[in-house]
Amino acid sequence: AQSVSQHNHHVILSEAASLELGCNYSYGGTVNLFWYVQYPGQHLQLLLKYFSGDPLVKGIKGFEAEFIKSKFSFNLRKPSVQWSDTAEYFCAVTSMDSSYKLIFGSGTRLLVRP
Amino acid sequence: SAVISQKPSRDICQRGTSLTIQCQVDSQVTMMFWYRQQPGQSLTLIATANQGSEATYESGFVIDKFPISRPNLTFSTLTVSNMSPEDSSIYLCSVLGNEQFFGPGTRLTVL
């Protein structure tokens with residue numbers, strides 16, 4: 001079965017530090033990739049997505065992710081985090097049997113200290 | 001974008017009882033989904049709620065345990081039946097527009 005692995009369950013950073021959250025998926029075929037974010041007390045919302053084309057994808061709030069097909073990875077990055085980036089981050093991939101079913105990783109809780 | 005509301009936002013229930021969760025969208029959408037997020041785990045798709053026909057369930061989820069209704073293009077309900085403590089989770093409704101939008105979730109605790 002398809003799976004998505006997020007290696008870091010909890011990350012604590014100071015403001016202005018750089019961020020990289022790892023995401024690996026198990027399916028080797030064509031997939032669509034997503035990063036979602038859930039800020040405290042808010043809905044899950046889309047941060048960025050990759051369907052095709054340039055493997056470096058830019059999202060909202062200065063986030064970017066790089067799709068590396070050979071590594072089955074889609075890591076999320078931000079050069080300088082802010083306190084307001086404190087949230088839980090989920091990587092997701094579309095199911096191989098459907099382009100609209102999402103398979104999620106277990107999430108990474110990011111705490112940014114001011 | 002789609003604005004999704006869920007009721008109730010949270011509930012504490014006794015084992016053996018059932019709870020129905022409502023999902024309302026502010027616009028008509030073709031595809032609606034129900035997800036479960038168990039404590040410390042990722043979101044798992046329960047089923048796709050189909051308007052006018054039975055829901056399509058994912059492996060490991062059955063209609064008797066999680067009956068779903070979808071009477072129109074803006075509303076769906078998920079019932080968690082004969083609950084046990086293992087059903088304690090956050091249940092989320094989502095809809096597919098130009099991206100997938102998620103509701104705020106219903107936090108269920110079963111004692």
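Model, not experiment: these values are computed from the prediction. Sequence lines set the chain letters: A, B, ... in the order given, protein chains first and strands last, and positions in each chain run from 1.
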Have a look at Y89(A) and tell me which of Y36(A), W35(A), F74(A), F63(A) forms a ring-ring contact (aromatic ring centres under 6.0 Å, His included) with it.
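By the ring-ring contact (aromatic ring centres under 6.0 Å, His included) criterion, Y89(A) pairs with just one of Y36(A), W35(A), F74(A), F63(A): F63(A).
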Pick from Y50(A), F104(A), F72(A): which one makes a ring-ring contact (aromatic ring centres under 6.0 Å, His included) with Y25(A)?
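Option passing the ring-ring contact (aromatic ring centres under 6.0 Å, His included) with Y25(A): F72(A).
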Flag the pair P79(A) / S18(A) as yes when at least one side-chain heavy-atom distance between them is below 4.5 Å, and no otherwise.
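With C-beta onward as the side chain, the pair stays apart.
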Note, F102(B) side chain near Q45(A) side chain (heavy atom, < 4.5 Å):
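Of all side-chain heavy-atom pairs linking Q45(A) with F102(B), none is under 4.5 Å.
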Rounded distance [0.5 Å steps], CD in Q38(B) versus OG in S88(B):
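Reported value, rounded in 0.5 Å steps: 9.0 Å.
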If we ignore angles and hydrogens, is there a donor and acceptor under 3.5 Å between the side chains of T74(B) and N72(B)?
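Side-chain D/A pair, T74(B) to N72(B): present.
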Any luck finding a side-chain donor-acceptor pair between Q6(A) and S106(A) under 3.5 Å?
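No.
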Y35(B), part contacting chain A, at a heavy-atom distance under 4.5 Å:
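Y35(B) touches chain A through side-chain heavy atoms alone.
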Between K78(A) and E64(A) (salt bridge meaning N to carboxylate O under 4.0 Å), is one present in this structure?
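No, K78(A) and E64(A) are not salt-bridged.
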Whether D85(A) and K61(A) form a salt bridge (side-chain N of Lys/Arg under 4.0 Å from carboxylate O of Asp/Glu) is what I want to check.
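The answer is no: the pair does not qualify as a salt bridge.
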So which residues of residues 41-69 of chain B are in contact with chain A at a heavy-atom cut-off of under 4.5 Å?
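The list, in residue order, reads Q41(B), S42(B), L43(B), L45(B), T48(B), E58(B).
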Positions in residues 4-33 of chain B that reach chain A, provided some heavy atom is under 4.5 Å away:
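Expected list: I4(B), M31(B), F33(B).
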On the six-membered ring of F34(A), is K49(A) placed so that its NZ or CZ lies under 6.0 angstrom from the centre and within 45° of the ring axis?
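Ring-cation test returns no.
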